[in-house]
Amino acid sequence: MGWKTLDDMDLQGKTVLTRVDINVPMEDGKVTDDTRIRRLVPTISDLLSKGAKPVLLAHFGRPKGKVVPEMSLQPLVPALEAAFGAPVMFVADCRGPAAKGAVDALAPGQILLLENTRFYPGEEQNDADLAKEMAALGDIYCNDAFSAAHRAHASTEALARLLLACAGRLMEAELKALEGSLATPERPVTAVVGGAKVSTKLDLLGNLVAKVDTLVIGGGMANTFLAAQGIDVGKSLCEHDMTGTAKDIMARAEAAGCTILLPSDVVVAREFKAGADNETVPADACPADAMILDAGPASVAAISTVFAESKTLIWNGPLGAFEIAPFDIATNTAAQKAAELTKAGQLISVAGGGDTVAALNQAGAAEAFSYISTAGGAFLEWMEGKVLPGVAALQT
């Protein structure tokens, strides 16, 4: 890897400016889901055990360069202390004399949380002067916020170029998982791409057909590919204006030696609601008054066979309308198969994206996957083959 980790740093007595993502859901001033906070524990524990002073930089919400009291990071202190098992101090700035005073006053074993970086317009403008003021607070920069790495902001990009910089444990794990699944994967490699629209995943599909052996397409976007083959998809969600693009992607896949796997049978219904009357029909036999809401059992069997023949799996997006039963069956069954193969040591499985994580959790399969990314936009941009500013800034 072309970046340093905490193992490459002399941390004893050093103030480590640590970029974290604690943009967590809150209700009535309390954190309702602390997943992102808990995933930071290995980095914070390492810093404390090696005698460093962790100083946390983070954003919250979209204050657009203004001080918005409701978006202060101070209410997160109790959740941070509970997760880290250490006292967390707070200062209402991320630069200047107050922040410097708080850093200087930090005792061994304590953590300092700086105020929302986005309270300054310079944060989202990647302003060099703001980055310099932040850099004056510490000795080392550690980025543990892969989920914000696709943003060229002062605390993710400019700051990394001003101090000795490294990746935190969460960033390190994320980069290793993604490098292993796309850059240097064990083959054969299969990618599952689902979701509603082809138009939102053009770059992703274009990059994957050149890198994977099999591309499984599901969800609403599969309907667009079926329509591109001249198949009538009835009243299904379908981007008919994207069929030309779908044909182009299929041609590129064929040229690259990538097999595209589309549903061979589908579950259709006349209404989109839980428990709606439904039937399974061949993919080319959707009734004119019905809509395709899931892949059928033959399609799932074909997907499971591909999984069993693969060494690496990348998953983004559900195979059907997984939010409502019974149209969650394809996603659940395929996810459980991937989990079973991963547990048996036969498959390396990496998944990411909001709907994906929800779908795999619902299927009870998430914990068995090799790696689940909570970084929505950054995960997608990496899969699209784009350079992430926050990662590029760490490279040596």
Side-chain angles (χ1 to χ4, degrees), residues 1-22 37 39-59 73 80 84 86-91 93-117 120 122-123 126-149 151-176 388-396:
M1 294 190 301
W3 48 83
K4 289 186 167 68
T5 71
L6 289 173
D7 297 324
D8 302 308
M9 299 286 131
D10 174 12
L11 298 169
Q12 181 63 44
K14 299 291 186 358
T15 298
V16 182
L17 300 180
T18 309
R19 181 59 163 93
V20 295
D21 183 358
I22 49 177
I37 292 173
R39 295 188 85 168
L40 298 169
V41 169
T43 293
I44 303 303
S45 297
D46 256 15
L47 291 172
L48 290 174
S49 68
K50 291 174 181 173
K53 296 203 289 188
V55 175
L56 308 185
L57 287 160
H59 72 277
L73 292 174
L80 294 172
F84 301 152
V88 176
M89 310 295 113
F90 174 79
V91 61
D93 209 339
C94 63
R95 50 159 287 289
K100 185 72 171 76
V103 170
D104 292 343
L106 201 60
Q110 293 182 336
I111 299 158
L112 176 63
L113 174 64
L114 302 180
E115 184 56 286
N116 194 337
T117 57
Y120 288 96
E123 164 69 343
N126 201 18
D127 181 71
D129 290 334
L130 178 59
K132 280 177 192 168
E133 290 189 90
M134 291 176 179
L137 301 175
D139 307 304
I140 292 171
Y141 174 77
C142 171
N143 194 339
D144 212 26
F146 178 80
S147 51
R151 309 289 188 203
H153 290 174
S155 68
T156 61
E157 205 271 347
L159 179 56
R161 301 189 185 279
L162 297 175
L163 296 172
L164 193 59
C166 67
R169 296 303 185 202
L170 178 57
M171 172 78 91
E172 180 186 356
E174 190 101 32
L175 292 174
K176 279 182 177 173
L388 305 187
V391 175
L394 295 179
Q395 290 176 335
T396 52

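Distance check: Lys53 NZ to Leu48 CG gives 12.0 Å after rounding to the nearest 0.5 Å. To the nearest 0.5 Å, atoms CG (Leu164) and NZ (Lys14) are separated by 8.5 Å. Separation of atoms CZ (Arg169) and CG (Asp46) is listed at 4.5 Å; rounding is to 0.5 Å. Rounding to the nearest 0.5 angstrom, the gap separating the CG atom in Leu137 from the CG atom in Leu112 is 8.5 Å. His59 contributes atom NE2, which lies 8.5 Å from atom NE2 of His153 (distance to the nearest 0.5 angstrom). With rounding to the nearest 0.5 Å, the separation of CG in Leu56 from CG in Leu80 is 6.5 Å.
Between Gln12 and Lys50 there is no side-chain heavy-atom pair separated by less than 4.5 Å. Side-chain contact check for Val55 versus Leu114: some heavy-atom pair is nearer than 4.5 Å. Leu73 is listed as a side-chain neighbour of Ile22, based on a closest heavy-atom distance under 4.5 Å. Looking at Leu170 and Phe146, their side chains never come closer than 4.5 Å, going by heavy atoms from C-beta outward. Side chains of Val391 and Leu394 form no contact here, defined as non-hydrogen atoms less than 4.5 Å apart. Side-chain contact between Val16 and Pro54 is absent, with no heavy-atom pair separated by less than 4.5 Å. Looking at heavy atoms from C-beta onward, Ser155 lies in side-chain contact with Met134 at the 4.5 angstrom threshold. Counting heavy atoms from C-beta outward, Leu159 and Leu57 have side chains that approach closer than 4.5 Å.
In this structure, the side chain of Ser45 does not engage the main chain of Thr43 through any donor-acceptor pair within 3.5 Å. With hydrogens and angles ignored, the 3.5 Å screen pairs no side-chain donor or acceptor of Glu133 with any backbone N or O of Leu130. Judged by distance alone, with hydrogens and angles left aside, the side-chain atoms of Asp144 form a donor-acceptor pair with the main-chain N or O of Met171 at under 3.5 Å. Between the side chain of Asp8 and the backbone N or O of Thr5 there is at least one donor-acceptor pair closer than 3.5 Å. Counting only distance, with no hydrogens or angles, the side chain of Asn126 and the backbone of Ala158 share a donor-acceptor pair below 3.5 Å.
When all heavy atoms of Ala131 and Ala154 are compared, the pair lying nearest together is CB-O, 4.1 Å. Smallest separation of non-hydrogen atoms from Phe84 and Ile37: CE2-O, 3.9 Å. The two residues Ala86 and Gly109 have their closest heavy-atom pair at CB-O, 3.7 Å. The two residues Leu6 and Cys142 make their nearest non-hydrogen contact at CD2-SG, 4.1 Å. The two residues Ala105 and Gln110 come nearest to each other via the heavy atoms O-OE1, 4.4 Å. Summarising the geometry of Gly13 relative to Asp139, their closest heavy-atom pair is O-OD2, 4.4 Å, with the distance given to 0.1 Å.
Arg19 and Tyr141 share no side-chain donor-acceptor pair at under 3.5 Å.
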Given Tyr120 and Cys94, is the side chain to side chain contact (heavy atoms under 4.5 Å, CB included) satisfied, shown in steps? CA-CA 9 Å; Tyr120 288 96; Cys94 63; 3.7 Å; yes
As a quick check of understanding, evaluate side chain to side chain contact (heavy atoms under 4.5 Å, CB included) for Met89 and Ile111, giving each step before the final call. CA-CA 6 Å; Met89 310 295 113; Ile111 299 158; over 6 Å; no
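Of the listed residues (Leu17, Thr15, Ile140), just one forms a side chain to side chain contact (heavy atoms under 4.5 Å, CB included) with Leu163, and that residue is Leu17.
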